[in-house]
Visitor: 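Sending over a structure as structure tokens; questions will come in a sec.
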Protein chains: 2
Amino acid sequence: LKGLIIAAGRGVRLKNLTRNKPLLPLLGLSLIERTILTAKQAGIDEFYIVVGYRGEEVKKRLGDGNRYGVKITYIENKEWRRGNGVSVLKAKEWLNENFILLMSDHVFESITLKDLMESKIGEDECVLVVDFVPQEYIDEKEATKVKIENDRIIDVGKKIRNYDGFDCGMFLLSPVFFEALEESIERGDETISGGVKILAEREKMRFLDIGGKPWIDIDTEDSCKKAEKMLLKGLIKPTDGPVSRYLNRRVSTRISKYLVKTNVKPNFISFLSFIVSLMAACFFTMGEYFYVLTAGLLSQFSSTIDGCDGEVARLKFQESSYGAWFDTVLDRYADAAIILGMTYGCWILNRGWETWVVGFMALIGTFMNSYTAVKYDSIFAREKKPRFGRDTRLFLIMLGALLNQIFYTLVTLAVFTNIVSIKRLLVLKETMLNTS
Amino acid sequence: LKGLIIAAGRGVRLKNLTRNKPLLPLLGLSLIERTILTAKQAGIDEFYIVVGYRGEEVKKRLGDGNRYGVKITYIENKEWRRGNGVSVLKAKEWLNENFILLMSDHVFESITLKDLMESKIGEDECVLVVDFVPQEYIDEKEATKVKIENDRIIDVGKKIRNYDGFDCGMFLLSPVFFEALEESIERGDETISGGVKILAEREKMRFLDIGGKPWIDIDTEDSCKKAEKMLLKGLIKPTDGPVSRYLNRRVSTRISKYLVKTNVKPNFISFLSFIVSLMAACFFTMGEYFYVLTAGLLSQFSSTIDGCDGEVARLKFQESSYGAWFDTVLDRYADAAIILGMTYGCWILNRGWETWVVGFMALIGTFMNSYTAVKYDSIFAREKKPRFGRDTRLFLIMLGALLNQIFYTLVTLAVFTNIVSIKRLLVLKETMLNTS
């Protein structure tokens with residue numbers, strides 16, 4: 001499927017708008033870049049973009065799309081002061097097949113678009129994504145509403161009564177929609193909703209329930225902030241452990257919010273977190289409380305910024321399987337360095353060989369946690385349950401440092417991590433033998 | 001596809017045959033069990049077995065096939081003294097679709113059968129697997145030969161001249177083959193080859209090149225031994241490192257040869273290898289040369305029998321993904337225990353903290369080797385190149401123990417394993433970023 005993106009309007013409701021609305025920056029990407037990259041993630045790689053108001057700026061920024069790995073063709077709409085239906089109609093001669101229609105100023109998840117692209121429709125039918133349980137992001141007063149009967153949309157508009165849901169601004173359209181627009185414009189309604197209304201009257205307008213997944217239409221200062229909040233909230237993973245969820249993510253997303261505005265690459269952030277861990281390891285070797293305390297705080301800080309690499313990658317669509325793997329390998333070395341530092345620092349105080357043995361055990365268990373996690377996650381990934389992981393280990397280490405009890409922290413780690421690993425051996429035995 | 005297995009004949013050429021030939025044991029399984037399980041691995045789960053001579057024994061052993069996870073229906077052939085074509089013909093009323101024909105006394109690889117099952121054939125066509133470059137296993141004098149012209153078999157028989165290849169006894173047949181057999185029997189030829197000859201004359205007999213993959217027809221004492229040798233040789237993996245290939249496998253396959261005759265389960269062998277490693281670790285802690293030497297030999301022995309679990313599993317079709325994973329997790333704990341033992345044993349002699357740090361480094365590198373190997377193998381699995389692994393590490397440890405140089409062995413491990421891991425980070429970076 002090809003994508004048609006409307007980026008012709010002016011966005012009059014954003015008061016302090018110094019630049020073109022589609023080029024408004026949001027967490028490191030302009031709105032239209034985010035729309036294109038989200039759609040690319042869903043599988044669209046050919047776009048038609050209707051430009052109008054300050055269209056040259058949009059063209060200059062996006063170019064031929066090569067930079068984003070997509071192909072972009074521009075369609076000029078000099079009548080951009082008219083309704084947005086006119087902008088869509090300009091694409092008529094370019095699209096004589098089913099296509100996806102998106103707004104340049106809507107933020108949404110690629111999974112929603114994927115579902116839409118996989119919708120099965122009859123001939124001359126169109127689909128609109130509808131939100132039935134809008135979240136706090138949605139400005140109910142300004143939003144376009146829809147009325148549903150059975151599996152069809154029967155009415156659409158900003159002011160209809162007894163509505164059932166909200167128009168999310170994402171469409172799967174067949175070329176018949178252009179005719180509907182022409183009819184609507186003749187009637188005097190130049191909006192996209194006008195075209196939808198015509199098809200709704202003919203019972204040709206289906207809908208797709210967005211199912212609680214986030215989206216937002218950005219048309220005010222306020223909605224910009226809401227969109228940021230929405231995207232940052234989406235960075236919390238269902239598998240995040242409690243420490244990660246309630247502590248680290250709160251800090252790391254705040255850091256990521258600034259990092260996305262720079263050119264810092266996710267792999268560099270992974271490396272930075274690794275360096276902070278090495279610093280923590282060095283401080284641990286010194287043994288005295290002041291250094292140990294510093295080391296503990298650095299460990300926790302390293303654990304926190306360890307979340308930023310993935311967050312920045314996801315926010316800027318820079319995710320790569322190598323990046324994810326590179327991060328986990330560095331994490332293992334970082335874990336090892338911290339435990340070695342703790343063990344040495346503890347040993348210079350008490351000089352007991354037991355310290356080294358306990359340190360070995362803690363290292364073994366920590367490694368085995370990560371080693372078994374690969375299989376564990378591959379089996380239990382669907383359950384999306386939080387599991388004992390690096391966030392919890394480093395948090396324990398920080399607590400131990402605060403209390404100046406490094407030896408007992410090592411003992412705790414040695415016991416706990418090995419128990420978790422052996423437990424996984426048993427849990428997976430049952431699961432894997434039952435499913436095969 | 002359903003499978004038809006011929007197990008009706010007597011096997012007169014096996015002199016000291018005290019039991020029924022299909023029930024002849026070969027590395028822990030009877031010939032017919034191996035045929036069924038190999039076919040099951042290729043995807044066949046419904047079998048017709050033609051029994052004749054001492055057929056009750058076969059039925060009693062195999063039952064309804066439930067034990068093997070397949071369905072077995074028996075077809076009686078009281079005329080088993082006649083040619084094997086008569087046995088196939090008994091299945092006529094059971095099979096009016098394409099099916100696979102196998103001999104109960106042939107050993108082959110499931111991958112060959114899979115290729116055969118995926119062969120595309122026209123209506124009324126049949127396929128025979130043909131070996132063009134027979135290995136030393138094949139008794140050229142006794143084998144059935146085939147003559148090829150273009151993509152068809154044009155003649156078949158034990159005594160044809162200027163033949164091109166050998167009949168491997170594996171067929172993909174359409175029901176038309178039954179008619180060909182009837183015609184051949186009328187002509188006076190009661191063998192399967194007779195039917196093949198009729199179809200060859202009609203240009204309906206295609207062939208599949210076995211492509212160098214091993215197979216053998218067991219009909220003499222000698223071929224029994226050859227089959228054993230062939231199966232054991234097949235246990236060497238293309239990814240085996242040099243130590244594994246040239247040393248460990250030679251010993252482990254000899255041990256597996258005996259283990260398959262017992263009821264010992266692969267997971268138990270993994271556990272046994274683990275226990276031997278723990279013993280090695282204990283001996284290492286004692287520090288003195290006699291104990292260190294013993295520990296080194298035990299490490300190498302553990303490494304050797306660590307191959308047996310997989311070998312027995314493959315020979316007896318008891319492979320499971322849990323078993324493979326269980327083995328790798330125990331291996332990691334075994335590695336860790338041995339390095340801890342070496343470090344402690346070294347420390348009690350020299351009392352230097354450097355020993356512990358070097359031990360830590362060796363442990364970290366060893367773990368990182370295994371940790372990065374998972375990704376490395378998933379990317380480079382196709383290349384099937386041997387890689388630095390556990391076999392080499394434990395061999396180095398044995399050498400170090402022989403020379404009584406545990407400290408330098410730890411240093412070598414610490415340096416080498418970490419270099420290998422970091423190298424993988426770089427190699428995979430290039431590969432993964434280029435392919436994505």
Side-chain angles (χ1 to χ4, degrees), chain A residues 69 267 285 319-326 328-337 339-341 343-344 347-348 351 353-368 370-376 378-379 418 421-422 424-436, chain B residues 69 267 285 319-326 328-337 339-341 343-344 347-348 351 353-368 370-376 378-379 418 421-422 424-436:
Chain A
N267 280 355
T285 61
E319 287 173 283
S320 77
S321 61
Y322 178 74
W325 183 71
F326 177 76
T328 64
V329 172
L330 285 193
D331 283 354
R332 298 296 80 72
Y333 268 111
D335 286 347
I339 290 173
L340 176 56
T343 308
Y344 181 84
W347 174 80
I348 56 167
R351 303 271 160 185
W353 61 270
E354 306 83 7
T355 306
W356 285 106
V357 174
V358 170
F360 250 84
M361 293 295 184
L363 179 62
I364 294 169
T366 298
F367 262 122
M368 291 313 286
S370 310
Y371 194 75
T372 52
V374 179
K375 197 69 165 185
Y376 189 83
S378 77
I379 305 274
N418 283 297
S421 303
I422 292 165
R424 283 186 190 155
L425 260 188
L426 302 177
V427 170
L428 283 174
K429 178 170 187 172
E430 210 167 305
T431 313
M432 290 172 77
L433 293 182
N434 284 344
T435 51
S436 71
Chain B
N267 281 355
T285 62
E319 288 174 283
S320 77
S321 61
Y322 178 76
W325 184 70
F326 178 75
T328 64
V329 172
L330 285 192
D331 283 354
R332 298 297 79 75
Y333 268 113
D335 286 348
I339 290 173
L340 176 56
T343 308
Y344 181 85
W347 174 79
I348 57 167
R351 303 271 160 184
W353 61 270
E354 308 82 7
T355 306
W356 285 106
V357 174
V358 171
F360 250 84
M361 294 294 185
L363 179 62
I364 294 169
T366 298
F367 262 122
M368 291 314 286
S370 309
Y371 194 76
T372 53
V374 179
K375 197 70 168 184
Y376 189 83
S378 77
I379 305 275
N418 283 298
S421 302
I422 291 164
R424 283 187 189 154
L425 259 188
L426 303 176
V427 170
L428 283 175
K429 178 170 188 173
E430 210 167 304
T431 314
M432 290 171 78
L433 293 182
N434 285 343
T435 52
S436 70

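First the proteins, then the strands, lettered A, B, ... as listed; each starts at 1.
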Visitor: Quick one: does R332(B)'s side chain get under 4.5 Å of D335(B)'s, heavy atoms only?
Guide: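 Yes; the side chains approach each other to less than 4.5 Å.
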
Visitor: Using non-hydrogen atoms only, which part of N418(A) is less than 4.5 Å away from chain B: side chain, backbone, both, or neither?
Guide: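 N418(A) touches chain B through backbone and side-chain heavy atoms alike.
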
Visitor: Using non-hydrogen atoms and a 4.5 Å limit, figure out which bit of W325(A) sits close to chain B: side chain, backbone, both or neither.
Guide: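 The side chain, not the backbone.
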
Visitor: I'd like to know whether CE of M368(A) has more than 12 heavy-atom contacts from other residues, nucleotides or ligands below 6.0 angstrom.
Guide: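 Counting other residues, nucleotides and ligands, CE of M368(A) exceeds 12 neighbours.
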
Visitor: Would you please indicate yes or no on a ring centroid separation below 6.0 angstrom for F360(A) and F360(B)?
Guide: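 Yes, the ring of F360(B) comes within the 6.0 Å limit of the ring of F360(A), centre to centre.
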
Visitor: How about F367(B) and Y371(B): are their ring centres within less than 6.0 Å of each other?
Guide: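 Centroid distance F367(B)-Y371(B): not below 6.0 Å, so no.
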
Visitor: Please state whether the side chain, the backbone, both or neither of T328(A) comes within less than 4.5 Å of a heavy atom of chain B.
Guide: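 Both backbone and side chain of T328(A) come within 4.5 Å of chain B.
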
